[in-house]
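See below for the structure under consideration.
Atoms considered below: every heavy atom in the structure, side chains included; atoms not considered: hydrogens, waters and symmetry mates. Per chain, numbering begins at 1; letters A, B, ... match sequence-line order.
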Amino acid sequence: MPELPEVETVVRSLQPIVTGCRIQDFTCLWPRTLDDFSTTDFINHIKAQTIRAIHRRGKYILLDLDSGHILVHLRMTGKLIFSAVLPSQNPHIRAWFTLEGEQYLYFEDTRKFGRITFRSSLGELDSKLGPEPLSDKFTPELLADILAGTSRQIKPLLLDQSVIAGLGNIYCDEVLWHAAINPRAPGAGISVRKVAVLHSAIVTILTEAIEFQGTTIRDFGFQGERTGNYSSRLQVFGRTGQPCPRCNTAIVKLTVAQRGTHICPHCQKM
DNA sequence: AGTTTCACCTACAGGC
DNA sequence: TGCCTGTA
DNA sequence: GTGAAAC
């Protein structure tokens with residue numbers, strides 16, 4: 001499940017190899033991969049354009065072209081991989097860009113939830129997403145403001161991409177454990193002290209996860225066989241029944257906002 | 001506005 | 001082994 | 001992981 005650190009890892013792995021590449025063609029085997037374009041319309045927008053830069057906004061991969069941008073969202077199982085060959089034996093390849101010089105940027109996606117689209121400008125995307133948690137704009141004061149005004153539960157709030165862009169299920173559980181906050185706690189009720197800890201947990205955990213090239217539980221990978229190494233640093237996610245690293249109480253799994261949620265019932269009391 | 005449920009798909013783990 | 005259910 | 005539809 002690619003979240004901010006995984007998407008950032010993909011972007012960094014592709015950055016040195018795709019920038020400067022010229023797009024020759026695009027093939028789509030699963031039409032729904034293209035969000036709101038027919039394959040021919042999409043090709044008309046991107047054809048013969050050069051990829052000038054690759055970056056990330058929230059969980060979106062953005063390929064800047066001479067004119068306009070390709071947006072890629074990996075959702076649950078998507079992978080964007082650069083290769084000189086198209087793995088013909090792989091049944092999960094949904095689409096690919098043919099690049100000049102017999103090279104490919106292919107989109108592999110087991111569950112078919114991932115999406116690719118095109119936008120002339122990024123304004124619309126930017127306005128639907130909340131602040132980047134690793135930008136200077138994301139201050140403890142901003143987080144305090146976000147939480148102060150709402151009775152919404154903290155976990156679904158942090159997962160809402162229009163509130164903060166980039167957190168997903170894994171890192172949400174991790175940061176809440178670090179700040180010792182119950183995932184069902186209303187935003188407005190959280191103490192000033194815990195908000196400060198939560199802010200620094202968000203920044204440090206996302207930063208460290210990027211350094212470890214993300215978390216691989218099952219599906220996440222990039223550039224062939226490479227996988228994330230942050231799995232070994234997880235404190236609560238996927239550790240049901242194991243001792244809390246802080247107090248040794250057994251980690252419990254519950255459901256919050258329809259998502260599997262891992263907490264220490266002692267550290268994260270309501 | 002906020003919350004809940006469901007749909008979108010495939011693979012795999014666990015129980016029997 | 002194989003089916004069914006639940007979960008990512 | 002996300003968006004639409006329904007309370």
Exercise for review: Could you name each residue pair satisfying ring-ring contact (aromatic ring centres under 6.0 Å, His included) that touches residues 106-158 of chain A, not counting sequence neighbours?
Suggested key: A/H45-A/F118, A/F138-A/H199

What is the distance, rounded to the nearest whole Å, between atom [atom1] of [X] and atom [atom2] of [N]?
X	N	atom1	atom2	value
A/R115	B/dC8	CZ	P	11 Å
A/E6	D/dG1	CD	C1'	12 Å
A/M1	B/dC9	CE	C1'	15 Å
A/R259	B/dT5	CZ	P	15 Å
A/K128	D/dG3	NZ	C1'	9 Å
A/Q258	B/dC6	CD	C1'	10 Å
A/D173	D/dG1	CG	P	10 Å

Side chains of [X] and [Y], heavy atoms from C-beta outward: is any pair under 4.5 Å?
X	Y	answer
A/L167	A/L206	yes
A/L34	A/R94	no
A/E6	A/T215	yes
A/T204	A/H178	no
A/L234	A/H262	no

Review point. Just by distance, with hydrogens left out, do A/N182 and A/K155 show a side-chain donor and acceptor under 3.5 Å apart?
Key: no

Check your understanding: Is atom CG of A/N90 surrounded by more than 12 heavy atoms (other residues, nucleotides or ligands) closer than 6.0 Å?
Key -> yes

Separation between the [atom1] atoms of [N] and [M], rounded to whole Å:
N	M	atom1	result
B/dC6	C/dG6	P	13 Å
C/dT1	B/dC12	P	16 Å
D/dT2	B/dA11	P	22 Å
B/dT5	C/dT7	P	14 Å

Are [X] and [Y] joined in one hydrophobic group, where the rule is that I, L, V, M, F, W and Y side chains link up if heavy atoms are under 4.5 Å apart?
X	Y	value
A/F26	A/F37	yes
A/I170	A/I181	yes
A/F82	A/F220	yes

Between [Y] and [X], is there a salt bridge with N-O shorter than 4.0 Å?
X	Y	answer
A/E124	A/K128	no
A/D109	A/R115	no
A/E3	A/K59	no
A/R233	A/E174	no
A/D219	A/R111	no

Check your understanding: Given A/L63 and A/I46, is the side chain to side chain contact (heavy atoms under 4.5 Å, CB included) satisfied, shown in steps?
Key -> CA-CA 11 Å; A/L63 298 162; A/I46 65 165; over 6 Å; no

Point to revise | Nucleotide interval of DNA chain C bounded by contacts with chain A (heavy-atom cut-off, under 4.0 Å) | key: C/dT7 to C/dA8

Practice item. Pick base, sugar-phosphate or nothing for A/N169, based on heavy-atom distances below 4.0 Å to the nucleic acid. Key: sugar-phosphate

Review point. Is the aromatic ring of A/F113 within stacking range of B/dC9, meaning centres under 5.5 angstrom and planes under 30 degrees?
Key: no

Practice item. Look at the side-chain N and O atoms of A/K112 and state whether any lies under 4.0 Å from the OP1 or OP2 oxygen of B/dT10. Key: yes

In [range], which ones come under 4.0 Å of DNA chain B, going by heavy atoms?
range	answer
residues 68-79 of chain A	none
residues 29-37 of chain A	A/W30, A/R32
residues 145-166 of chain A	A/R152, A/Q153

Point to revise | Base-contact (B) and sugar-phosphate-only (S) positions in nucleotides 11-16 of chain B, heavy-atom cut-off under 4.0 Å, - elsewhere | key: BS----

